Every structure is written in C-alpha cells, then in structure tokens.
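These notes are about the structure you will find just below.
Order of the sequence lines fixes the chain letters, A, B, ..., with proteins taken first and strands second; residue numbering starts at 1 for each chain. Keep in mind that what you see is a predicted model, and the values were worked out from it rather than measured.
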Amino acid sequence: MKLAGKNILLVEDEAIIGFALEDMISEEGANTQLVGSVKEGEDALENNAFDMAVVDVNLNGGYSYPLVDRLVEAGCTVIFATGYGGTTHPERFAMTPTVSKPYDLASILAALDRASQSA
Amino acid sequence: MTIQFERLLGASPNPYVLLDRDLVIVWMNDAYLQVTMSRREEIIGRKMFDAFPSEEGTESHDLLAESFARVIDTCEADEIALIRYDIQNEDGGTDVRYWSATHTPICDDGELRFILQHTVDVTELEELRQARDGMSLIRRANAVQEQNRSLQEETKRLNRMFDQAPGFTAVLHGPNHEFAMANDAYRQLVGRQDLVGRRVKDVLPEVIDQGFIDILDNVFATGDAYLGRQEKVLLQREGGTEPELNYLNFIFQPVFDEEGVVRGIIIQGYDVTEEVEAQERQMLLVNELNHRVKNTLAIVQGLAMQSFRKSGADVERSIFEARLKTLAAAHNLLTEANWRAACVEEIVTRSAEATVGEAVERMTIAGRSVRLPPQSAVSLAMIVHELCTNALKYGSLSNDRGTVAIDWSVSTDEETAELCLNWKERGGPPIAEPESVGFGTRLITRGLSDRYGGHVLLDYEGDGLRYELRTQLELA
C-alpha cells in the first residue's frame with residue numbers, strides 16, 4: 001500500500017497518540033489532517049475529500065460511527081483503531097478492519113490494504 | 001361422638017366446660033363442677049355470664065368476653081394467661097379466684113359449633129405469688145397480658161401490611177426477643193420457617209457470636225433504634241451446609257407501650273448483597289486498573305532508559321522522563337478520584353509543582369471548583385507541564401522575578417457549560433514566536449479536544465506569554 005500523495009483523515013482524541021500517528025503517516029508522503037471529535041471530522045469533510053481514514057472508535061466517551069458513515073458515503077477507505085480489546089462493531093462495519101493500540105505503521109498499512117481490497 | 005367425647009373428658013381431672021356459640025353451657029365434666037363449686041343442674045342450659053355473673057366493664061368480664069369474641073370471630077384457639085374471676089361459694093358469699101383458661105373452637109364444616117373451655121384454678125399459685133411479690137405482680141402480669149394483646153393486634157396488622165412486602169420484617173416480643181411475627185421475606189432470608197413463639201437465639205444461634213443478640217438487648221434496654229448499613233450477616237439456612245454471607249440494610253426499631261416502656265422490637269430491612277458484591281467487584285477492577293496503568297508507565301520508563309542509554313541523547317531523555325512523570329502524576333490523581341473526575345485546581349497545581357519545583361511560589365493558581373473527566377484531566381496536566389517547561393526555559397520563570405497567573409472560570413447557558421482557563425506570564429524576558437513548532441507547542445495548541453472541538457489562543461504578547469484554553473464541560 002502506497003500512501004504517497006493520498007489525503008488521509010486521522011481521527012484520534014488523545015493528542016499525543018494523534019501526533020505519533022500523524023508523523024507516521026506523513027513520513028510516508030501522505031497529506032494528513034488530524035481531528036479529535038466527530039464534529040471536527042464533519043467540519044473537515046465539508047472542506048476536503050479524503051482517500052482514506054484511520055478512525056479511533058471511542059471519542060470522548062462517544063462512538064465515531066456517525067462520522068464513519070459520512071466517510072464511507074463519500075467513498076473513503078476506512079479502518080478503525082481502538083484501545084479496547086475485542087471491540088464488536090455494528091453489523092454494517094463488520095468487514096471494516098480494526099487495529100488495536102499500540103499500533104505501528106506496518107499494522108496500519110496492512111489494515112488499509114485489506115480495507116481497500118474489500119471495498 | 002358424644003359418647004367418645006364424654007368418656008374422654010368426663011373423667012378428666014382437668015376442668016372442661018362446653019359452650020355453644022351463644023355461650024350457653026351445654027356440657028361440663030365433674031372436675032369443672034368441683035372447681036366452680038357449682039351443681040350441674042344449676043348451670044346447664046344457662047349462659048356463661050348468667051351462671052357465673054360478673055359486672056360488664058370490669059376487667060374480669062371484659063377479658064373473658066373478648067376472648068370468646070375472638071374465638072367466634074377467628075375460629076382460632078385463644079388463651080387467657082391469668083384472669084381474676086370471682087365465684088359464689090356455698091355460703092352465698094364471693095370467693096376471689098384466679099384462673100388460666102384456654103378456649104378451643106369446635107367447628108363443623110368450617111362453622112363454629114361449640115367452644116371448649118379448659119380452665120385451671122390458679123388461685124393458690126396466685127396467692128403464693130402475691131404473698132411473695134405483693135400486688136405489683138398482678139398489675140405487671142395484667143399489663144404484660146394487655147401488652148400481649150395489643151402486640152398481637154399490632155402483629156396481625158403488620159402481618160397483613162408487610163407479609164407481601166419485598167423487604168423483610170419481623171416483630172420480636174419481650175426481653176428474650178421471641179418472634180411474634182415474621183413475613184415471607186424474613187423467613188426466606190433466614191432460611192427457616194418455624195419462628196413464631198421462639199427466641200431469636202434459639203432459632204438463629206449463629207447470630208449470637210456475630211453480636212446481634214447484644215445489639216437487640218441494647219435496643220430493648222435503651223429504647224434507641226439500631227441502624228445497620230451494608231452489614232455483614234452470616235445465616236445458616238435449613239438444609240444448607242455452610243453459613244451464607246448476606247449484606248443487609250436494616251433497622252431494629254423498639255416498640256413502646258403507652259407508658260414509654262420498650263415491649264418489643266420491629267426488625268425491618270432489605271437484602272443488599274448483590275449491590276455490595278457489585279461495588280466490591282468494581283473496586284477490584286479499579287484497583288487492578290490502577291495497578292496496571294502505573295506498572296505500564298514504569299515499564300515505558302524502563303524501556304526508554306534502556307533504549308536511550310548509549311545514544312548520548314541525555315537532554316532528550318530527561319525531557320521524556322519529565323513528561324512521563326507528569327503523565328504518571330496525572331494518573332495518580334485519577335486513581336485517587338476512582339477514575340471519575342479530577343479537580344482542575346489539583347491537576348494544575350500538581351503538574352506545576354512537579355515541573356517547576358520551588359518556582360511554583362511565583363505562580364498564582366485560582367479558580368472555582370470544577371471537575372474534568374479522566375481524559376481531559378490527563379491532557380490538561382500535560383499542557384500545564386509543557387507551559388511550565390517553556391516558562392522555565394524562555395518565559396517568566398527563566399529569571400527570578402517573573403510570575404505566572406493561572407485562573408479559570410465557567411460560563412453556562414441552558415444547554416452547555418464552558419471552561420475557560422487563562423495562563424498569563426509577566427516579568428520575564430522579551431519573547432518571540434518560535435520559528436519551528438515543537439512537540440510542546442503542538443500539544444498546547446491542540447487544547448483539550450472535546451466532543452465539540454476545543455479552542456485555544458496563544459499570544460506572544462510583549463510583557464509575557466498569554467494562553468487561553470476553552471473546553472466544553474459535561475453537564476451533570
């Protein structure tokens with residue numbers, strides 16, 4: 001999976017983890033935008049088109065699923081990231097790959113690969 | 001039937017008399033004639049109160065009449081522990097007599113046909129007692145009997161009220177705590193059926209060592225109610241092998257008579273075992289979580305030390321360790337708050353103290369009491385750490401005169417509450433906007449990302465750095 005030149009939305013409410021993710025992905029040559037809430041993510045979608053998204057499942061005690069629905073609608077390839085073990089997603093996201101924290105670049109690339117193949 | 005019953009009771013040394021439901025004497029045995037000093041033909045076919053007159057309104061009359069009425073009413077046996085009922089002697093005078101009587105209903109197809117009175121002349125016994133104790137005994141005995149009556153009435157009322165109530169209820173009578181009643185929930189709780197008329201320490205011997213008899217004794221002696229909250233009680237249920245542990249919320253409430261004397265105790269309460277066990281499980285989980293978080297942070301610290309040991313990056317390593325220390329301190333704060341919420345003042349103060357040491361004396365930290373959820377609390381601690389580090393390096397804490405003022409306020413409207421925190425440095429050297437954005441600045445300008453997106457303002461003002469942080473608060 002080549003990320004160079006792709007627009008990638010990163011959704012992560014824990015700033016320090018978000019920075020690490022942002023650094024990781026942008027070093028691959030991708031254009032990244034980091035947001036920390038569903039609201040910020042929706043604002044970002046208003047102004048930009050994204051090829052891919054790495055989305056934290058739990059955002060400040062809520063779920064990110066409404067944002068993911070919008071992303072999928074816009075034709076974006078999505079993977080989930082979560083700090084909780086054994087997360088069960090709603091049925092419509094049953095096929096969406098999930099990486100668990102702490103993750104590294106390799107596991108994110110592999111998950112994005114699987115997501116783009118099943119899409 | 002007649003023959004059998006006459007043969008059975010006729011020759012008995014115990015006095016028996018049989019009344020129909022109009023209280024007309026229809027049969028008696030010889031022993032009865034003997035103790036009442038009467039002849040069969042004088043009393044047979046006559047009403048009880050005609051054959052043995054007593055004045056209406058007197059205690060003797062009323063006790064007896066009430067007892068008959070109860071039997072007719074309930075079709076259940078009734079007892080009179082002690083009744084004074086004087087009778088005429090052969091000389092035409094009146095003898096003072098004391099009796100103890102049992103009235104047994106004889107029913108046919110559920111309908112009361114006869115009342116069998118078994119009466120015992122206890123005059124001699126009573127006279128002996130009186131000789132010993134004087135008249136006070138009678139009064140006491142009467143009072144106790146009265147109390148028995150009223151307690152029984154009370155019990156019936158309570159029985160009806162509480163028998164189907166979800167909480168457990170029992171009524172104890174007397175200084176030895178005899179069960180006067182117990183509802184279904186109580187029987188189920190203690191796992192025993194046969195309670196009424198028996199003493200607590202006999203039916204529930206396992207509670208003696210648990211101190212509950214002492215507590216009951218104290219309630220009875222002092223008239224002070226006892227409240228148990230989530231109290232541990234071990235109960236050995238019938239058929240069970242091991243005593244079972246229950247947690248109960250309950251009250252031992254003394255029952256007073258009209259003179260304010262304690263006559264019994266009402267026990268009422270709820271089984272809160274499940275609730276307590278759930279709380280204990282949660283405590284266990286929180287403790288495990290605390291342990292794991294601290295352990296993990298310690299492991300990360302160890303890993304960092306090992307990884308950077310030979311790299312010569314001592315400065316970077318100490319920055320990293322200071323950040324990790326701040327993170328650990330913030331988690332300690334959450335541990336103390338059971339992972340619910342932490343106080344803004346605590347977060348700011350602890351983070352500042354840990355970062356700037358004694359220079360904290362040049363910082364003023366003030367604001368109303370506000371709590372932040374765990375995630376925001378940790379973020380704020382990290383932000384304060386980075387602000388402090390910057391102030392020490394370039395800002396107002398880099399000399400020995402500069403100050404930092406931190407304050408915050410909360411503005412609310414109908415639907416939302418917003419925390420606004422201000423950081424203002426004064427008295428430091430002139431500052432300029434940094435050319436490259438480091439991790440610290442990145443973290444500071446990110447703010448506390450909340451559900452609605454937080455806002456920050458970073459201003460490199462001439463007289464010192466100004467930083468403003470806004471975040472939405474969860475409305476309780």
Inset, instruction - State which residues pass salt bridge (Lys or Arg N to Asp or Glu O under 4.0 Å) with B:E353; sequence neighbours excluded, sorted by chain then number. - result: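 Checked B:E353 against salt bridge (Lys or Arg N to Asp or Glu O under 4.0 Å); zero matches.
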Legend entry - Aromatic plane relationship, A:Y65 with A:F80 - under 30° parallel, 30 to 60° tilted, over 60° perpendicular: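 Perpendicular: the ring planes of A:F80 and A:Y65 meet at over 60°.
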Legend entry - Exercise: do B:T355 and B:H385 side chains pair donor with acceptor under 3.5 Å: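 Per modelled atom types, B:T355 and B:H385 side chains form a pair under 3.5 Å.
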Inset, instruction - Would you please name every residue forming a side chain to side chain donor-acceptor pair (under 3.5 Å) with B:E280, sequence neighbours left out? - result: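 Expected list: B:Y247.
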Legend entry - Sorted by number, residues from residues 430-445 of chain B in contact with chain A (heavy atoms, under 4.5 Å):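 Answer by number: B:F439, B:R442, B:L443.
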Legend entry - ring pair (Phe, Tyr, Trp, His ring centres under 6.0 Å) partners of A:F50, counting only residues at least two apart: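 Ring pair (Phe, Tyr, Trp, His ring centres under 6.0 Å) list for A:F50, sorted by chain: empty.
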Inset, instruction - For the pair B:K424 (side chain) and B:G464 (backbone), establish whether a donor and an acceptor sit closer than 3.5 Å, ignoring hydrogens and angles. - result: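 Such a contact is found between B:K424 side chain and B:G464 backbone.
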